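Remarks on the structure that follows.
Everything numeric in this text was worked out from a predicted model, so none of it was measured.
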Amino acid sequence: MSLHTLATALPTRLAALAALGLLITACGNDPAEVNAPAPESDQTTEPSSPGDGEEQGDDGATGGGDAEVELTIERSLNDEESLSPESGYEEGTWTLTCAPAGGDHPDPEAACARIDEVGAEPFVLDTSDMMCTMIMGGPEVVRVTGHVEDTEVDTEFNKVGGCEVDRFESVDTVLNP
């Protein structure tokens with residue numbers, strides 16, 4: 001009798017924990033409001049110094065109102081053989097620049113538009129202290145280095161755990177167009 005109770009209670013408890021994890025993940029992924037104003041305030045004070053040009057320099061690297069982005073995106077797969085990558089996911093390395101959109105990224109315009117929407121937050125978000133669901137979303141691993149506006153980026157995206165899956169999907173257009 002106790003085996004039957006344990007066998008039926010365990011899935012119910014796991015489902016409840018998963019639901020709680022999703023709720024906490026949904027509530028905990030809103031630090032963008034805290035981080036968003038800082039780059040804007042830095043940008044408004046930065047262009048007032050007449051060093052590199054206020055709008056856009058002749059080389060296109062300095063953007064006044066546009067996000068300055070230079071990223072190297074290295075795509076690979078982890079060693080988890082039981083998972084299949086998303087359809088169309090291929091290993092390799094791309095570059096992406098914004099303002100103007102360029103590089104060898106397959107869709108730089110869409111990627112730059114997405115970065116304009118979300119800012120640097122997904123690239124610097126640390127999920128290690130967050131309570132997240134224990135799910136495996138896939139074997140995709142993407143290493144991103146460079147900068148988004150004034151924020152240096154050196155991070156890894158993967159699909160191990162609910163928070164990381166959400167983080168990956170928040171910039172899916174950049175990582176897996």
Shortest non-hydrogen pair, A111 vs L96, comes out as CB-CD2, 3.8 Å
Heavy atoms of I135 and G162 approach each other most closely as CG1-N, 3.7 Å
Is F123 close to I115 at the side-chain level, that is, under 4.5 Å between some pair of heavy atoms? yes
side-chain contact (heavy atoms from CB on, under 4.5 Å) partner of R143, chosen from T155, N158, D154, T93: D154
Less than 4.5 Å apart, side chain to side chain, heavy atoms only: is that true for P139 and K159? no
Tell me the closest heavy-atom pair linking R75 and P177, and the distance in Å. NH1-CD, 4.4 Å
Closest approach of V153 and V144, non-hydrogen atoms and distance? CG1-O, 3.6 Å
If Ile, Leu, Val, Met, Phe, Trp and Tyr residues are connected whenever their side-chain heavy atoms lie under 4.5 Å apart, and connections chain through other members, are V148 and V142 in the same group? yes
Kindly determine whether V69 and E149 satisfy side chain to side chain contact (heavy atoms under 4.5 Å, CB included), including the steps that lead there. CA-CA 6 Å; V69 176; E149 297 176 352; 5.7 Å; no
Rounded to the nearest 0.5 Å, what separation is found between the CD atom of E70 and the OG1 atom of T97? 7.0 Å
Separation of E164 CD from E169 CD (nearest 0.5 Å): 11.5 Å
How far does CD of E90 sit from OG of S76, to the nearest 0.5 angstrom? 13.5 Å
Can you find a pair of side-chain heavy atoms, one from T95 and one from I73, that are under 4.5 Å apart? no
Contact summary for C163 and M130, nearest pair of heavy atoms: SG-CB, 4.0 Å
If you measure from OG1 on T173 to CD on E117, what distance do you get to the nearest 0.5 Å? 8.0 Å
Measure the SG-CG distance between C132 and D166 for me, rounded to the nearest 0.5 Å. 8.0 Å
Just do the side chain to side chain contact (heavy atoms under 4.5 Å, CB included) check on V160 and M136 with the steps written out, would you? CA-CA 5 Å; V160 179; M136 282 294 287; 3.8 Å; yes
Rounded to the nearest 0.5 Å, what separation is found between the CG atom of L175 and the CZ atom of F168? 5.0 Å
Heavy-atom distance under 4.5 Å between the side chains of T151 and V124, does that happen here? yes
Quick check with a 6.0 Å cut-off and a 45 degree axis cone: is R167 positioned over the face of F157's six-membered ring? yes
Student check: side-chain heavy atoms of W94 and L71 closer than 4.5 Å: no
D172 bridged to R114 by N-O distance under 4.0 Å: no
At their closest point, which heavy atom of Y89 faces which heavy atom of L77, and how far apart are they? CE2-CD2, 3.6 Å
